[in-house]
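Report on the structure given below.
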There are 2 protein chains.
Amino acid sequence: MKLDELDMKILNELRENSRLSMSELGRRVNLSSPSVTERVRQMESFGVIKKYTVEVNYEKVGQPIQCIVEATVKNGDYQGFNKLIQRFSNIEFCYRVAGNACFLLKLQFNNFAEAEEFINTVNPIASTVTHFIFSEVKTNLKLDLT
Amino acid sequence: MKLDELDMKILNELRENSRLSMSELGRRVNLSSPSVTERVRQMESFGVIKKYTVEVNYEKVGQPIQCIVEATVKNGDYQGFNKLIQRFSNIEFCYRVAGNACFLLKLQFNNFAEAEEFINTVNPIASTVTHFIFSEVKTNLKLDLT
DNA sequence: GTTGAAAGACACCATCC
DNA sequence: GGATGGTGTCTTTCAAC
C-alpha cells in the first residue's frame, strides 16, 4: 500500500485524537466523509493503523513506578524469556534489540516491591539493568512523507 | 480522584478500542450511557486519560528503522540536550531516567542515514548507546486495581 | 445511576463527476 | 480517484425518577 500526503494528514489527526468522527476528520483534511472513511478503512485493513487506543497517566491510575529494563538473556534461552514475560500484564512494550542487551522492556508497577518481584523473577533467566523513570521529557511525534 | 473497578474496566476497553461510542462502551461494562459518559469525562478532566490516539505500524508508514537510544549528557548540560531534541519530530518518547544513562529515547527513521544524522547531532552534547529494534515481542497491557 | 424521549449527528449507499 | 444527497440508524443529551 502506497500512502500519500493525505493519508499522513489523516494519521496525524487521528494520532492527536482518535475519537474524531469521519465527518469531522474529513473537514480537517478537506475531504468528504466517504472518502476519508475509505482511506481509513484501507489503512486499517493494511495494518498501517494497528489500534485505536488511549494514553493513560500511570501515576493517576495507581502505577507510579515506571522503568525501562535492559535484559540480557543467559545461555541464549530466548524461548524461556519470551514465555516468562507473557505472564506479566504490566509490560508496555518489549523489543528485541541489537546491542549489549537482548531485550528492552518498559514496565509499570504499583510500588517498588512489585518491581523487585519482577526483577527477581527474571534474573534466573536474564541479567538486567533497570532504569527507573523520573519524568517524561518529550512525547510528540509527527509523520512526514519522505 | 479515586478510581474504582468500573473505571478500570472502562479504561481497558478504551485502550483496546478508543473509538467505541459511549453507548457501546456502556453496554460492555454494564452501565448506562449517561453514567459511562460522566465517568469518562471525569477521567479526561482529571488527566487520567491523557489522549485518544492511534498505534501506527512504522514500517508500513515508511519509517522502518526504529531504535532506542541511551543518552548520557556531558558536563550536566541538560538544558542544551532538552532544547536540542525539541527540534526532532520523530521521537516517540524521551524519559529522564536513573542509572548510567540520563535519558532514554525511542526514535523512528526512514533510513540509516537519518539515524546517523541524529546521532551526529546529539554527540557533541551527549554520548549515546544505540539499540536498533529488531522486533516487537510483546505489547499488551491491562490495568488492575491494587 | 437509570430510564425514556427528542434532537441531532453520523455512517452508509447509490449516484454522479 | 473524489463529491453529493438522501435515508435509516445510532448516539448524545436532557429531563424526571
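Heavy-atom basis, side chains included; hydrogens, waters and symmetry copies ignored.
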Original post:
Between A:Lys74 and A:Asn123, is there a donor-acceptor pair closer than 3.5 Å when you use the side chain of the first and the backbone of the second?
Top reply: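 Here the side-chain-to-backbone pair exists.
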Original post:
Taking ILVMFWY side chains as joined if any heavy atoms are under 4.5 angstrom apart, and letting links pass through other members, which residues group with A:Phe134?
Top reply: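 Under the 4.5 Å side-chain rule, A:Phe134 groups with nothing.
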**OP:** Kindly give the heavy-atom pair with the smallest separation between A:Val61 and B:Met8, and that separation in Å.
**Re:**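 Minimum heavy-atom contact is O-CE, 3.5 Å.
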Subject >> Covered region of DNA chain C, 5' end to 3' end, by chain A [heavy atoms, under 4.0 Å] >> reply: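 That gives a stretch of C:dC10 to C:dC13.
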Going by heavy atoms in the side chains, are [X] and [Y] under 4.5 Å from each other?
X	Y	value
A:Ile65	A:Asn110	no
A:Glu92	A:Tyr58	yes
A:Val122	A:Phe81	yes

Original post:
Applying the side chain to side chain contact (heavy atoms under 4.5 Å, CB included) test to A:Leu25, which of A:Asn17, A:Thr37, A:Val36, A:Leu31 qualifies?
Top reply: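 Going through the options one by one, the only one that passes is A:Val36.
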Original post:
If you measure from the Lys or Arg side-chain nitrogens to the Asp or Glu carboxylate oxygens, is any gap between A:Glu24 and A:Arg28 under 4.0 Å?
Top reply: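 A salt bridge links A:Glu24 with A:Arg28.
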Original post:
So, A:Glu44 and A:Arg41, do they make that salt bridge, N to O below 4.0 Å?
Top reply: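 Result for this pair is yes, salt bridge flagged.
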Subject >> Selection: residues 3-13 of chain B, any non-hydrogen atom under 4.0 Å of DNA chain D >> reply: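 Heavy-atom contacts with DNA chain D come from no residue of residues 3-13 of chain B; none.
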Original post:
Does A:Arg39 have a side-chain nitrogen or oxygen under 4.0 Å from the phosphate oxygens OP1 or OP2 of D:dG1?
Top reply: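 So the side chain of A:Arg39 is outside the cut-off, no N or O lying under 4.0 Å from OP1 or OP2 of D:dG1.
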Original post:
Which part of the nucleic acid, if any, lies within contact of A:Glu38, taking any heavy atom under 4.0 Å across all strands shown: a base, the sugar-phosphate backbone alone, or nothing?
Top reply: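 Sugar-phosphate contact only.
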Original post:
For B:Arg39, which residues count as a side-chain hydrogen bond (donor to acceptor under 3.5 Å, both in side chains) partner, sequence neighbours excluded?
Top reply: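 Residues passing side-chain hydrogen bond (donor to acceptor under 3.5 Å, both in side chains) with B:Arg39: B:Asp4, B:Asp7.
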Original post:
What distance do A:Thr128 atom OG1 and A:Phe103 atom CZ have between them, rounded to the nearest 0.5 Å?
Top reply: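 Here the rounded value is 13.5 Å.
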Subject >> Distance, nearest 0.5 Å, that separates SG of A:Cys67 from NZ of A:Lys106 >> reply: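 Between A:Cys67 SG and A:Lys106 NZ, I get 9.0 Å after rounding to 0.5 Å.
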Under-3.5 Å N/O pairs linking protein and nucleotides 10-13 of chain D:
from, atom 1, to, atom 2, distance (Å)
D:dT11, OP1, B:Ser21, OG, 3.2
D:dT11, OP2, B:Ser23, OG, 3.0
D:dT11, OP2, B:Arg27, NH2, 3.2
D:dT11, O5', B:Ser21, OG, 3.4
D:dT11, O5', B:Ser23, OG, 2.9
D:dT12, OP1, B:Met22, N, 3.1
D:dT12, OP2, B:Met22, N, 3.2
D:dT12, OP2, B:Ser23, N, 3.2

Original post:
So with a 6.0 Å cut-off around CG of A:Asn100, is the heavy-atom count from everything else above 12?
Top reply: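 Count not over threshold, so no.
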Original post:
Hey, what bend do you get for the helix from C:dG1-D:dC17 to C:dC17-D:dG1 if you fit axes on five pairs at each end, rounded to 10°?
Top reply: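 Between the axes fitted at each end of the helix from C:dG1-D:dC17 to C:dC17-D:dG1 lies an angle of 40°.
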